[in-house]
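Read through the structure below, which is laid out as structure tokens, and then see the notes.
Nothing fancy with the numbering, it's 1 onward along the sequence.
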Amino acid sequence: TPRTPADLATHDWLCGDMLGNGLLLQDEKGGEHRVRFKAKVLCNNVLPLRQFALAGQGISLQPEGEIGEDLAQGRLLELLPGFRVAPMEIHAITPQREIPEKVRRVVEALRSYFGTTMSS
């Protein structure tokens, strides 16, 4: 079990493509720790990554709100509880300049949910 951010580099990683080959963690005092690793599995969807993690195939970064039951039941373990992933950007991209009303509403809902850090 990793005890420090540096320990994470030696483990098998199940990664979403937005992580690339690294991760920035912040400790309780605001210090930053960059971790570089090579992905064992690279995917653009967290659901299969969660299934691989549940099968014991490696470490995966997962949305907290979606794994609460797995953590509570002991199916998944939280690693390095004194550290948090640094905030990541989320972008909404559309194929056209004229954004349909339904797409605008989804973007507004995302903006409301995630806060004011999203830019148009």
Side-chain angles (χ1 to χ4, degrees):
T1 302
R3 297 191 193 286
T4 69
D7 293 343
L8 293 171
T10 63
H11 288 268
D12 290 331
W13 273 87
L14 314 166
C15 296
D17 54 3
M18 69 186 296
L19 282 183
N21 64 349
L23 181 65
L24 182 61
L25 297 176
Q26 294 177 333
D27 61 32
E28 294 168 330
K29 297 177 182 176
E32 294 186 342
H33 307 264
R34 184 160 302 277
V35 179
R36 299 268 183 223
F37 51 79
K38 183 174 176 157
K40 177 180 179 181
V41 174
L42 185 62
C43 183
N44 65 358
N45 186 322
V46 297
L47 296 177
L49 297 174
R50 185 174 312 135
Q51 293 304 314
F52 279 120
L54 286 165
Q57 298 300 305
I59 295 173
S60 178
L61 181 64
Q62 293 284 315
E64 282 184 80
E66 305 218 4
I67 60 169
E69 186 174 325
D70 289 322
L71 290 169
Q73 298 296 319
R75 293 185 292 262
L76 291 176
L77 300 174
E78 179 183 9
L79 300 178
L80 304 177
F83 295 85
R84 290 287 169 236
V85 176
M88 296 180 191
E89 292 183 358
I90 298 174
H91 300 270
I93 302 171
T94 63
Q96 57 204 25
R97 280 193 183 272
E98 297 293 324
I99 302 172
E101 180 63 26
K102 63 183 176 182
V103 174
R104 257 195 304 275
R105 288 178 188 226
V106 168
V107 170
E108 285 303 318
L110 290 170
R111 186 175 281 131
S112 175
Y113 180 78
F114 289 111
T116 58
T117 59
M118 284 184 63
S119 62
S120 300

Within a radius of less than 6.0 Å around [atom1] of [X], do more than 12 heavy atoms belonging to other residues, nucleotides or ligands occur?
{"X": "Glu69", "atom1": "CD", "result": "no"}
{"X": "Glu64", "atom1": "CD", "result": "no"}
{"X": "Phe52", "atom1": "CZ", "result": "no"}

Open item on the list: Test of understanding: clusters of I, L, V, M, F, W, Y form through side-chain heavy atoms closer than 4.5 Å, transitively. Do Leu42 and Leu61 belong to the same one?
Closed with: no
Task: Shared hydrophobic cluster, Leu23 / Phe83 (ILVMFWY, side-chain heavy atoms < 4.5 Å) - done: yes
Test item: [X] side-chain N/O and [Y] main-chain N/O as donor-acceptor pair under 3.5 Å:
{"X": "Trp13", "Y": "Leu8", "answer": "yes"}
{"X": "Lys40", "Y": "Gln57", "answer": "yes"}
{"X": "Arg104", "Y": "Ile99", "answer": "yes"}

Task: Shared-cluster residues of Leu71, by chain and number - hydrophobic side chains joined below 4.5 Å - done: Leu54, Ile67, Leu76
Open item on the list: Test salt bridge (Lys or Arg N to Asp or Glu O under 4.0 Å) on Glu108 and Arg111; report intermediate values, then the result.
Closed with: CA-CA 5 Å; Glu108 285 303 318; Arg111 186 175 281 131; 2.6 Å; yes
Task: Sub-4.5 Å side-chain heavy-atom contact between Pro63 and Arg50 - done: yes
Which pair of heavy atoms, one from [X] and one from [Y], lies closest together, and at what distance?
{"X": "Ser60", "Y": "Leu49", "value": "OG-CB, 3.7 Å"}
{"X": "Phe37", "Y": "Cys15", "value": "CE1-SG, 3.2 Å"}
{"X": "Pro2", "Y": "Leu80", "value": "O-CD2, 3.6 Å"}

Open item on the list: Please report the interatomic distance CD(Glu66) to CG(Leu47), rounded to the nearest 0.5 Å.
Closed with: 7.0 Å
Task: For His11, ring pair (Phe, Tyr, Trp, His ring centres under 6.0 Å) partners two or more places apart - done: none
- [ ] Check the pair Leu25, Val85 against side-chain contact (heavy atoms from CB on, under 4.5 Å), reporting the backbone distance first and the verdict last.
- [x] CA-CA 5 Å; Leu25 297 176; Val85 176; 4.0 Å; yes
